[in-house]
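Here the structure is a predicted model, which is why all the values come from computation and not from measurement. These values consider heavy atoms only, across backbone and side chains, with no hydrogens, waters or symmetry-generated copies.
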Amino acid sequence: MNHDDSTDRPRCLVTGATGYIGGRLVPELLAAGYRVRCLARSPGKLRDHPWAGEAEVVRGDVTDADSVARAMRDVDVAYYLVHALNSGEGFEDIDRRAARVFGERAQAAGVRRIVYLGGLTPSGVPADRLSPHLRSRAEVGRILLRSGVPTAVLRAAVIIGSGSASFEMLRYLTERLPVMVTPSWVRTRIQPIAVRDVLRLLVGSAGLPDDVNRAFDIGGPDILTYREMMVRYARIARLPRRLIVSVPVLTPGLSSHWVGLVTPVPASLARPLTESLRHEVVCREHDITRYLPDPPGHPLGFDQAVRLALRRVREARVTTRWSSAAVPGAPSDPLPTDPDWAGGSLYTDRREAMVDAPAHALWRVIESVGGKHGWYSFPLAWRLRGWLDRLVGGVGLRRGRRDAERLRTGDSLDFWRVEEIERGRLLRLRAEMRLPGLAWLEMCAEPAGDGRSRYRQRALFHPRGLLGHAYWWSVSPFHAVVFGGMARNIARAAARQGPDATR
């Protein structure tokens, strides 16, 4: 990539660019005239984004002081948009350590400003009564404010936008349950904010005066209970009136499993969201307008934010989703290139089929797998595997796809994540379901001459302990049906498209 570093335009460092907010902030900063550098543990996840050629991407981790120091060089504004919730138990310690590293390296590099998007905390509630998620977000804000670098901490409650976890939870709960027995938190008052306003304020915060070092509450104009949000969503989406009955017996744990079963948001992510709704989260001030006045029509109201989000969903223009980031407990190890796996075990199921269609037609079928297209074999088995995964707190099949036809590296795809794409040839998926080991699925399209192509498929499993070995041998009798059927049906689907399929 070519980057013009001779310009005097300020440079912004964005962490969390593979996530929901960060992935949307980068193009907004570029459009505002900033140079952008992204710090990412897996830079490959960003290469297929439309803005990839305009931003610099460096490899690193916010807990690694050396990589953060390298990323901070010549940076004017540093955005901290990461949190370690996905790390499971102990995430508060990781958050604390990462924030200290980030603040220290920013000060040492002479960074002019830090901008952090945190969570809106309830008024008058002691820290020990907050959810671990909110408590950690608040602590990170305090650490950055004490870093010696002027910091703007933007504190938001529920963010309404296409693809956000909060919006997807609201959408699926309302659409799928005409009659709901709900937890008591549906009566909690919330001040939601549109993602467009969040992005506007994040970009604007880069230009705050150097003497501003404080937190700002940010929210939309409406203060609603979660129940009122569901009722209004139903009206906007033209759904029949919903009957909502709240009961006090659903604990945060039970609530998260209830949300996990009904919505695409897994219980592991639903829990911090629902725990954060136990207390009223309403802005106590709107001081940020002293520095960043609201333009006409902003902040957007709840109804307008929902309409805009629904329009993007229906038009398949969701640029980032909550699932852009890995979910808690999901594996992240890349497929090793060492064929011997350094002496470890690696089970493999290989399938191959000749296709009466050119490779580009076969690739089109490969790239469209999952979501509404399904997996081309034994749908009941795939649905059952998805339900079993949801029951043990996994992501299941409901995440679907960001785009119905095209994939990019890092996309979630049902209970897989796209680890590698060689467009027109190779798609490699890494399993994010709950497994006693690591699993991948590869699909390849190869030209075979005379207008034909060859489909190659490889499922790999690296077992973890005795349970992992037992798992592989218990499911291997079904591979002929599931994986064999998948190979045959993908080949048939490509052949039906014929040689004139769109390239």
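- With hydrogens and angles disregarded, no donor-acceptor distance shorter than 3.5 Å links the side chain of E422 to the backbone of L427.
- Checking side-chain atoms of R428 against main-chain N and O of L441 turns up no donor-acceptor pair under 3.5 Å.
- With contacts defined as side-chain heavy-atom distances shorter than 4.5 Å, the pair D222/R232 qualifies.
- Looking at every heavy atom in both residues, A40 comes nearest to L46 through CB-CD1, 4.1 Å.
- Looking at heavy atoms from C-beta onward, R464 lies in side-chain contact with L438 at the 4.5 angstrom threshold.
- Inter-residue side-chain proximity for V282 and I190 is flagged as unmet; no heavy-atom pair is nearer than 4.5 Å.
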### Message
Applying side-chain hydrogen bond (donor to acceptor under 3.5 Å, both in side chains) to Y116 and R137, what does each step give before you reach the verdict?
### Response
CA-CA 10 Å; Y116 168 57; R137 300 294 287 273; 3.3 Å; yes
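- Comment: R214 engages D287 in a salt bridge, judged by a side-chain N to carboxylate O separation of less than 4.0 angstrom.
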#### Entry: side chain to side chain contact (heavy atoms under 4.5 Å, CB included) evaluation trace for F167 with I159
CA-CA 7 Å; F167 177 71; I159 296 177; over 6 Å; no
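- Taking 4.0 Å as the cut-off between side-chain N and carboxylate O, R47 and E420 count as a salt-bridged pair.
- Here R35 contributes atom CZ and D76 contributes atom CG; the two are 7.0 Å apart, rounded to the nearest 0.5 Å.
- Checked for salt-bridge contact, E367 and R423 meet the test: a charged N lies under 4.0 Å from a carboxylate O.
- In this view, Y79 satisfies the ring-ring contact (aromatic ring centres under 6.0 Å, His included) rule with no residue, not counting sequence neighbours.
- Although no hydrogens or angles enter the test, the distance criterion places no donor-acceptor pair under 3.5 Å between the side chain of D95 and the main chain of H83.
- For E139 and R142, the salt-bridge test fails: no basic side-chain N is under 4.0 Å from an acidic carboxylate O.
- A salt bridge is defined here as a Lys NZ or Arg NE, NH1 or NH2 lying under 4.0 Å from an Asp or Glu carboxylate O, and D411 with R402 meets this definition.
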#### Entry: Stepwise side chain to side chain contact (heavy atoms under 4.5 Å, CB included) check, M169 with Y226
CA-CA 11 Å; M169 192 170 91; Y226 204 89; 3.4 Å; yes
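- Side chains of V195 and S164 form no contact here, defined as non-hydrogen atoms less than 4.5 Å apart.
- For R187 against T225, the heavy-atom pair with the smallest separation is O-CG2, 3.5 Å.
- With hydrogens and angles disregarded, a donor-acceptor distance shorter than 3.5 Å links the side chain of S147 to the backbone of V149.
- In this structure, R11 contributes its side chain and D74 its backbone to a donor-acceptor pair below 3.5 Å.
- Remark: side-chain polar atoms of R113 are paired, donor with acceptor, to backbone N or O of P209 under 3.5 angstrom.
- In this structure the side chain of R196 reaches within 4.5 angstrom of the side chain of L308, judged on heavy atoms.
- Rounded to the nearest 0.5 angstrom, E280 CD and I223 CD1 are separated by 7.5 Å.
- For the residue pair G371 and D414, the shortest heavy atom distance occurs at N-OD2, 3.1 Å.
- For the atom pair CE of M72 and OG of S67, the computed distance is 10.0 Å after rounding to the nearest 0.5 Å.
- Using modelled atom types, one side-chain atom of T174 and one backbone atom of L170 make a donor-acceptor pair closer than 3.5 Å.
- Side-chain atoms of V75 and R112, non-hydrogen and from C-beta on, never get closer than 4.5 Å to each other.
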### Message
Show, in sequence, the C-alpha distance, side-chain angles and deciding distance for D197 and R200, and conclude whether the salt bridge (charged side-chain N to carboxylate O under 4.0 Å, His left out) test is met.
### Response
CA-CA 5 Å; D197 286 309; R200 172 177 61 85; 3.0 Å; yes
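- Side-chain contact check for N213 versus L145: some heavy-atom pair is nearer than 4.5 Å.
- Ion pair D303/R235 flagged as a salt bridge, since at least one NZ, NE, NH1 or NH2 atom sits closer than 4.0 Å to an Asp/Glu carboxylate oxygen.
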### Query
Can T289 and D294 be said to form a side-chain hydrogen bond (donor to acceptor under 3.5 Å, both in side chains), step by step?
CA-CA 6 Å; T289 55; D294 291 327; 5.6 Å; no
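- Proximity of V158 to M229: side-chain heavy atoms (C-beta onward) are separated by under 4.5 Å at one or more points.
- Contact detail for A206 and V115: the closest heavy-atom pair is N-CG2, 4.4 Å.
- Under the salt bridge (Lys or Arg N to Asp or Glu O under 4.0 Å) criterion, D61 pairs with R41, sequence neighbours left out.
- The main-chain N or O of V369 is found under 3.5 Å from a side-chain atom of R401 such that the two form a donor-acceptor pair.
- Of the charged side-chain nitrogens involved, at least one lies within less than 4.0 Å of a carboxylate oxygen, so that R430 and E432 count as a salt-bridged pair.
- Legend: side chain to side chain donor-acceptor pair (under 3.5 Å) pairs involving residues 148-161, not counting sequence neighbours, sorted by first then second residue: R155-D217.
- In this structure, the separation between OH on Y34 and CG on L13 is 14.5 Å, given to the nearest 0.5 Å.
- Separating the CD atom in E419 from the NZ atom in K45 is a distance of 9.0 Å, to the nearest 0.5 Å.
- Taking both residues in full, the closest heavy atoms of L120 and A157 are given as CB-N, 3.8 Å, listed atom of the first, atom of the second, then distance.
- Among all heavy-atom pairs drawn from A138 and T121, the shortest one is CB-CG2, 4.1 Å.
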### Task
Go through the steps for F216 and C283 under the test side chain to side chain contact (heavy atoms under 4.5 Å, CB included), then give the verdict.
CA-CA 9 Å; F216 296 96; C283 296; over 6 Å; no
### Task
Go through the steps for L429 and V418 under the test side chain to side chain contact (heavy atoms under 4.5 Å, CB included), then give the verdict.
CA-CA 5 Å; L429 307 176; V418 179; 3.9 Å; yes
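- Note that CG of L310 and CZ of R238 are 11.0 Å apart. Values are rounded to the nearest 0.5 Å.
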